Amino acid sequence: MNFRKPKGTKDILPKEISKWHFVESVIREVTGLFNFSEIRTPTFEYTDLFKRGVGTETDIVGKEMYTFLDKGGDSITLKPEGTAPVMRAFLESGIYGEQNLHKLYYLTSMFRYEKPQAGRYREHTQFGGEILGSDSIYTDVELILMAKEVYNRCGISNFKIKLNSIGKPDERRNYIEILKEYLKEHLDELSEESKKRYETNTLRILDSKELGDRKITDSAPKITDHLGIESKKRFDDVVNELTRLGIESEIDFRIVRGLDYYTDTTFEFVSSDLGSQDALGGGGRYDGLIEQLGGKPCAGVGFGSGIERIIIVAEKNGFTFGMPKNPIVYFIALNDDAKKIAYSAALSLRNNNIACDTDLLNRSFKAQMRDANKLGVKYVYIIGDDEIKKQKGILKNMSDSSQIEVSFDKVRENIL
RNA sequence: GUGAGCGUAGUUCAGUUGGUUAGAACAUCAGAUUGUGGCUCUGAGGGUCGGGGGUUCGAAUCCCCUCGCUCACCCCA
């Protein structure tokens, strides 16, 4: 074998494609129910979009982007996340001016240069939603409900919804100072990684998996205790509304998210069935992002969810995706003239939306029968010397083995 | 970038203290009185033992290097 797929990529083979079709159809269905419209943006963007939108301090931009110079010397990046490109299109196309509220979703590949492991790829597929133009708490709630509905319809119920608020930028800056103050006394107990983050990205210390770090941050001041009155109320309203709707969630002060643009609500869907990469999806508000990208101030909230991870969890739960569709009729031809007749008859069925197949390997009668059986067809239609003489083929029902003579142009009338 | 585990037919795996032509199951293909599938039976094809080097009379097996895969850290979907 000379060629391999690039590290971190995957082939979706015919036997597993039905899972993907299923999940994709659930997403189309649910986004329709919530009245979201699909938007498709390019596979690559100019690199600056992500630097500006996502933030140069984030790991995604700092070390995980697929960036290259094209032949014209422009710096191009394969999209590592969905929100910034959608915002760019939103501004560039001018659709923001057509109405005040936009509910958009996407389903597309994302690229991050990372070391692959369970549930983590260099190219993965993400489904995400964005609501633009409103800061109503119902926009946060609606996205959470929509993601939950997709998961539920894929047979996934064993996940947790974790919520947090990281407040407005000035509230966050204020809190970071408080957090730093607290961590200062424990600085030498922190892990090496966390020590580095103390200056550059203090909040991230909160979601470190190191046990030592956890112990320290367990009793650290919580951001939700240091929000302004308005932000605090907004967060409480989101939590209360989810509760009122019967959605179980828990507040987790460690959900700070790795992208710079988030404000106020952040959330994650986590499942223990995923192994170490336990996030099924996540998102949050980004009320300052559009302005940052050159637009007028515009509220926004969004989330992204990995299709591969949805499939992993659904499978662990024993969910059965739709069965692949088998052809209805298999044409068995025993000589060259019969093949011509069979092929015409097959074409006629196909034109009438009836799936069928023929032997393309010039196999023996028995081999063709075996093939038909393997394909799980309902009928075989047999044409040989005798049938050509009579101008009638044999239509055999594979489940009860009964067979009748049917003229070449009447196959359709005699099935189902 | 750091660490651990694993690489033997299409697939899942055996392979005894290094010892003849590297095995099984499943899958594939072909037969079982000549034009009928599933079940059964018989048989066939298919492997540079990830690659390279070394030790040895002899290496799938021991040593070194390398590549790949998997999992974990980091981070995220």
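When reading the values below, keep in mind they use all heavy atoms of this one structure, side chains included, and skip hydrogens, waters and symmetry mates. Just so it is clear, the structure is predicted and the values come from calculations on it, not from any experiment. Letters go in sequence order (proteins before strands), and every chain restarts at 1.
A:F321 and A:F319 have their aromatic ring centers within a separation under 6.0 angstrom. Taking the six-membered ring wherever Trp is involved, the centroid distance between the rings of A:F44 and A:F50 does not fall below 6.0 Å. In this structure, the ring of A:F159 has its center less than 6.0 angstrom from the ring center of A:Y151. Checked against a 6.0 Å centroid threshold, the rings of A:Y96 and A:H102 do not count as neighbours.
Distance A:D278 CG to B:rA72 C1': 14 Å, rounded to the nearest Å. We find that CG of A:L13 is positioned 16 Å from P of B:rG10, with the value rounded to whole Å. One atom, CZ of A:R254, and another, P of B:rC74, lie 12 Å apart when rounded to the nearest Å. Summarising the geometry, the separation between CZ on A:R370 and C1' on B:rC29 is reported as 9 Å, rounded to the nearest angstrom. The separation between A:R4 atom CZ and B:rC67 atom P is 11 Å, rounded to whole Å. In this structure, the CG atom of A:D400 is 14 Å from the C1' atom of B:rG38, given to the nearest Å. Put simply, CD1 on A:I394 is 13 Å from P on B:rG35, counting in whole angstrom units. Taking atom CZ of A:F365 as the reference point, atom P of B:rA32 lies 14 Å away to the nearest angstrom.
Nucleotide B:rG7 is matched to B:rC67 when pairs are restricted to Watson-Crick or G-U wobble geometry with both distances under 3.5 angstrom. Here B:rA44 sits opposite B:rU28 as a Watson-Crick or G-U wobble pair (both hydrogen-bonding atom distances under 3.5 Å). If you check B:rC73 for Watson-Crick or wobble pairing at under 3.5 angstrom, you find it paired to B:rG1. For B:rU55, there is no paired base (Watson-Crick or G-U wobble, both distances below 3.5 Å). Applying the Watson-Crick and G-U wobble criteria (two distances, each under 3.5 Å), B:rG23 pairs with B:rC13. With both pairing distances under 3.5 Å, B:rG18 is matched to nothing as a Watson-Crick or G-U wobble pair.
Counting atom types as modelled, A:K366 pairs no side-chain N or O with a base atom of B:rU36 as donor and acceptor under 3.5 Å. For A:R120 and B:rC74, a side-chain-to-base donor-acceptor distance below 3.5 Å is present, hydrogens and geometry of angles not being considered. A donor and an acceptor atom never sit less than 3.5 Å apart when one is taken from the side chain of A:E114 and the other from the base of B:rC74. For B:rU36, its base never sits under 3.5 Å from the side chain of A:Q368 at any donor and acceptor pair.
Rounded to the nearest Å, the gap between the P atom of B:rG50 and that of B:rC6 is 13 Å. B:rC13 sits 14 Å from B:rA27 when the C1' atoms are compared, rounded to a whole Å. B:rC49 and B:rU42 have their C1' atoms separated by 30 Å, with the value rounded to a whole Å. On the P atoms, B:rU28 is 10 Å away from B:rC39, given to the nearest whole Å. As rounded to the nearest Å, B:rG10 and B:rU16 have P atoms that lie 22 Å from one another. Rounded to whole Å, the separation between the P atoms of B:rA32 and B:rG51 comes to 40 Å. For the P atom pair drawn from B:rA22 and B:rG46, the interatomic distance equals 13 Å after rounding to whole Å. Spacing of C1' atoms, B:rA14 relative to B:rG47, comes out at 15 Å, to the nearest Å.
For the pair A:G282 and A:M369, both in contact range of RNA chain B, the more 5′-proximal nearest nucleotide belongs to A:M369. Sequence order on RNA chain B of the closest nucleotides to A:A367 and A:Y121 puts A:A367 first from the 5' end.
Residue contacts for A:D386: at a heavy-atom cut-off of 4.0 Å it reaches a base atom on one of the strands shown. Nucleic acid contact for A:K396: base, since at least one base atom lies under 4.0 Å from a heavy atom of the residue. When heavy atoms are screened at a 4.0 angstrom cut-off, A:A118 is found touching the sugar-phosphate backbone but no base atom. Residue A:I382 is in base contact, counting any heavy-atom pair closer than 4.0 Å across all strands shown. When heavy atoms are screened at a 4.0 angstrom cut-off, A:E387 is found touching base atoms of the nucleic acid. Across all strands shown, A:N397 has no heavy atoms under 4.0 Å from either base or sugar-phosphate atoms. A:R257 comes within contact range of the sugar-phosphate backbone alone, with a heavy-atom separation under 4.0 Å but no base atom that close. Contact annotation for A:G128: no contact, since no heavy-atom pair falls under 4.0 Å across all strands.
Among the nucleotides B:rC69, B:rC75, B:rC29, the one closest to any side-chain atom of A:D59 is B:rC75. Of the candidate nucleotides B:rC75, B:rC74, B:rU36, B:rC75 has the atom lying nearest to any side-chain atom of A:E64.
The side chain of A:K374 contributes an N or O atom lying less than 4.0 Å from OP1 or OP2 of B:rU28. Taking only side-chain nitrogens and oxygens, A:Q117 comes nearer than 4.0 Å to OP1 or OP2 of B:rA72.
Put simply, the side chain of A:E81 reaches to within 4.5 Å of the side chain of A:V54, judged on heavy atoms.
Note that A:K180 lies in the cation-pi zone of A:Y198, set by a 6.0 Å cut-off to the ring centre and a 45° limit from the axis.
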**Message:** Working note: A:T77 + A:T67, criterion side-chain hydrogen bond (donor to acceptor under 3.5 Å, both in side chains); need CA distance, chi angles, decisive distance, verdict.
**Reply:** CA-CA 4 Å; A:T77 294; A:T67 297; 2.8 Å; yes
**Message:** Walk me through whether A:I166 and A:D264 qualify under side-chain contact (heavy atoms from CB on, under 4.5 Å).
**Reply:** CA-CA 5 Å; A:I166 55 172; A:D264 285 312; over 6 Å; no
